[in-house]
Student: 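Mind looking over this structure? Questions follow.
The basis for the numbers below is simple: all heavy atoms, side chains too, and nothing from hydrogens, waters or symmetry mates.
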Amino acid sequence: MRFSENFIQEVVDRTDIEELIGRYVTLKRTGSNLVGRCPFHSEKTPSFSVSPTKKMFFCFGCHAGGSVITFVQKAENLDFTDAVEFLANRASIPLPRDSAEDTRAGGVPRKRILEMNLEAARFWRECLFDPSLGAAGLDYFARVRRLSPAVIKHFGLGFAPNSFTALRDHMRAKGYRDEELIAAYLCARSQKNNSVYDIFRNRVMFPIIDPSGNIVAFGGRVMDDSKPKYLNSSDTPAFNKRKHLFALNFAKNCCAERMILCEGYMDVIALHAAGFEYAVATLGTAITPEHARVFAKYTKKVIISYDSDEAGQNAAEKAMRLLSEVGTEVRVLKLKDAKDPDEYIQRFGAERFRRVLEESRTGFEHRAEGVLSRYDLSIGSEKLKASNELCQLISGYHSPVERELYLHYIAGRLELPQDVLRNSTEQFIRRRRREQTARESREAQSSVKNYGDMINREASQNPRAASAESAVLGLLLMFPEYRDAVERGEIPLSSEDFITGFHKRVFDAVMAGHRSEAGFRFEMLGVDFSPDEMGRIEKTEMSRRQLTQNGPEVFRSAVAALKSVRRKEDMKSEDLNTRLAYLREKQAKLHKGRTDQDEGN
């Protein structure tokens with residue numbers, strides 16, 4: 001589906017970018033702009049800027065940038081059309097009449113998938129309370145897991161019958177096509193006989209609900225020994241498992257001070273039922289940087305409650321690292337005589353769990369105890385190894401106050417002078433700084449040569465051309481009078497003057513927008529460019545805007561420089577072609593000489 005330019009512009013104009021992004025990022029005003037921590041990469045120092053007057057955003061750290069549409073695309077994992085629809089619904093702007101039909105080849109709109117998910121959840125809930133279909137599921141929830149009917153209904157739990165076609169037939173009767181059910185990951189197509197069958201069978205079902213109240217996916221636990229034990233929805237246009245958290249729709253209302261991160265659905269449900277409504281879980285995947293940024297948006301502190309086995313502890317270590325990177329305080333819950341919160345609460349009750357929760361250890365204490373448990377501190381060489389490992393661990397903390405607290409902690413555990421441990425820690429800090437300086441130097445050299453540029457891949461082969469093209473495009477994006485001069489032919493410039501394909505596309509799109517009836521609008525570039533490409537285009541303009549000299553003569557000089565690079569590239573090409581032609585001619589003469597000699601013999 002393609003919305004008209006007028007409709008898209010109305011959506012953008014009626015969207016308050018400060019209010020929109022403020023729902024995802026804590027913003028503070030600095031002059032005419034707002035700043036905050038970027039929601040698209042992990043950072044402790046704010047580098048994310050929002051311009052309410054321009055209705056644009058840009059991150060100086062990861063270079064994400066663009067319009068309100070671009071922001072929604074990245075934040076909600078939507079394509080351009082669905083992002084426009086998202087903003088239109090948010091602003092209560094009626095969609096055009098034909099917008100219900102998605103004309104993208106093979107595409108299924110996010111809205112349609114959400115409708116299917118809601119209907120599937122209703123069907124599975126009815127099956128759960130139907131004695132002829134859901135007895136096994138209801139017994140599991142009520143007897144095994146001791147969930148009350150109120151809790152079962154609160155979480156919208158259900159049961160998928162042990163049938164290959166139960167859901168498929170129900171959804172067909174509701175008017176949904178097989179290809180839509182496959183796109184929503186509710187059904188799949190058999191490779192043997194091409195029939196369509198239910199993906200979730202003989203499983204208790206857990207709807208996954210986003211903070212807006214939409215059912216975006218499902219998790220299902222099997223009732224027998226089939227594998228996998230837990231099956232989760234794959235990514236769809238409505239769902240990205242790297243960004244969503246189970247029960248966040250409930251936890252978001254009471255998690256400002258702290259959240260509990262669990263491993264599974266039942267741990268979360270048991271905690272909510274016991275009054276700990278700020279518990280959430282990831283969805284069949286380890287915590288990701290995207291999850292960490294979601295936590296940073298909603299809470300100050302995360303208490304990790306993972307299983308005590310090796311896999312659980314490794315997962316906890318990764319969670320601590322990612323959560324620390326976004327500036328969130330991390331603590332770790334140590335449960336004794338139970339493998340998880342669900343079992344602990346069933347055995348000892350909610351009040352005892354509350355006390356244990358208050359005694360949770362800091363992330364450093366958890367790591368330190370893990371190190372200390374591996375060494376025999378009564379042996380000098382073992383104590384030395386432990387002290388080195390702990391000092392190296394402390395050197396990774398940025399705050400001097402934190403380092404001093406942790407040094408005091410390990411000095412007591414190791415029975416060593418704190419000054420000695422401090423000197424060892426400072427040696428590790430200096431080593432880290434040297435390594436970082438060397439790494440930054442390598443990255444700077446690579447950046448100069450445009451190595452690793454996934455947006456403009458030709459830039460590394462043509463760095464001078466890419467630089468000249470960026471200068472011209474930055475000025476064209478900033479000033480309509482320069483676009484006018486190019487359009488009227490006062491300044492001769494065409495796409496043929498550009499060498500790199502990406503910059504050529506940007507030039508053509510900018511000039512096409514300028515020639516349109518509505519005139520150039522930055523947000524309309526999102527129709528033809530991905531969110532990452534939009535960030536690069538915004539970076540091109542931002543870099544130029546920071547320079548003080550951007551007058552007409554500067555623009556003429558930039559165009560002249562670009563044309564000069566183009567001529568040199570053409571001359572190189574012509575010179576190469578001339579040399580190739582000469583070599584071909586010489587080879588032909590040699591071949592003819594050998595032929596004549598053979599005929600003479």
Side-chain angles (χ1 to χ4, degrees), residues 1 3 8 11-12 14-27 36-41 48 50 55-59 62 64-93 95 99 102 104 107-118 183-185 207-218 233-249 251-252 280 282-283 285 288-298 326 523 526-527 529-535 538:
M1 178 187 65
F3 292 115
I8 294 171
V11 169
V12 172
R14 289 175 59 178
T15 298
D16 183 335
I17 191 171
E18 179 178 351
E19 191 272 335
L20 170 73
I21 296 181
R23 290 178 174 267
Y24 299 80
V25 181
T26 300
L27 297 171
R37 287 205 298 251
C38 180
F40 306 124
H41 84 286
F48 183 82
V50 178
K55 285 186 177 290
M56 306 289 286
F57 73 94
F58 186 74
C59 175
C62 69
S67 66
V68 288
I69 300 173
T70 314
F71 183 87
V72 169
Q73 283 183 263
K74 291 181 72 68
E76 298 291 339
N77 191 36
L78 303 177
D79 65 13
F80 183 84
T81 301
D82 286 339
V84 173
E85 184 174 335
F86 177 97
L87 290 171
N89 290 332
R90 190 173 176 277
S92 301
I93 302 174
L95 298 177
S99 66
D102 186 69
R104 292 164 293 169
V108 178
R110 180 175 186 269
K111 183 178 180 182
R112 183 73 166 171
I113 288 178
L114 295 177
E115 291 173 354
M116 286 188 283
N117 286 345
L118 179 59
Y185 200 75
I208 298 161
I209 305 172
D210 71 10
S212 299
N214 301 304
I215 299 176
V216 294
F218 296 93
S233 295
S234 291
D235 287 356
T236 72
F239 174 64
N240 184 333
K241 60 178 172 288
R242 294 178 61 85
K243 296 181 178 181
H244 286 87
L245 295 167
F246 179 67
L248 181 60
N249 56 308
K252 67 182 178 68
V280 297
T282 54
L283 305 168
T285 181
T288 66
E290 290 88 345
H291 288 136
R293 292 193 285 274
V294 172
F295 278 110
K297 170 187 172 183
Y298 284 100
V326 296
E523 59 269 13
V527 175
F529 293 91
S530 71
D532 288 341
E533 290 174 329
M534 289 292 284
E538 174 66 1

Student: Identify, with sequence neighbours excluded, every residue that meets ring pair (Phe, Tyr, Trp, His ring centres under 6.0 Å) alongside H244.
Tutor: F239
Student: Under 4.5 Å between any side-chain heavy atoms of I69 and I8, yes or no?
Tutor: yes
Student: Shortest non-hydrogen contact from I17 to F57?
Tutor: CD1-N, 4.4 Å
Student: Give the minimum heavy-atom separation between I113 and A183, together with the two atoms involved.
Tutor: CD1-O, 4.1 Å
Student: Would you check if the side chain of S233 reaches a backbone N or O of F218 as a donor-acceptor pair within less than 3.5 Å?
Tutor: yes
Student: Does this structure show an ion pair linking D532 with K74, if we count only N-O contacts that are shorter than 4.0 Å?
Tutor: yes
Student: Could you tell me the separation between the CG atom of D210 and the CG atom of N249, rounded to the nearest 0.5 Å?
Tutor: 8.0 Å
Student: Could you list the residues that satisfy ring pair (Phe, Tyr, Trp, His ring centres under 6.0 Å) with Y24, not counting sequence neighbours?
Tutor: F71
Student: Is the side chain of R37 donor-acceptor paired with the backbone N or O of T26 at a distance under 3.5 Å, no angle test?
Tutor: no
Student: Taking atom NZ of K55 as the centre, report whether more than 12 heavy atoms of other residues, nucleotides or ligands fall under 6.0 Å from it.
Tutor: yes
Student: Residues in side-chain hydrogen bond (donor to acceptor under 3.5 Å, both in side chains) with E290, at least two apart?
Tutor: R242, T288
Student: Could you report the tightest heavy-atom contact between V50 and I21, atom names first, then the distance?
Tutor: CG2-CD1, 3.9 Å
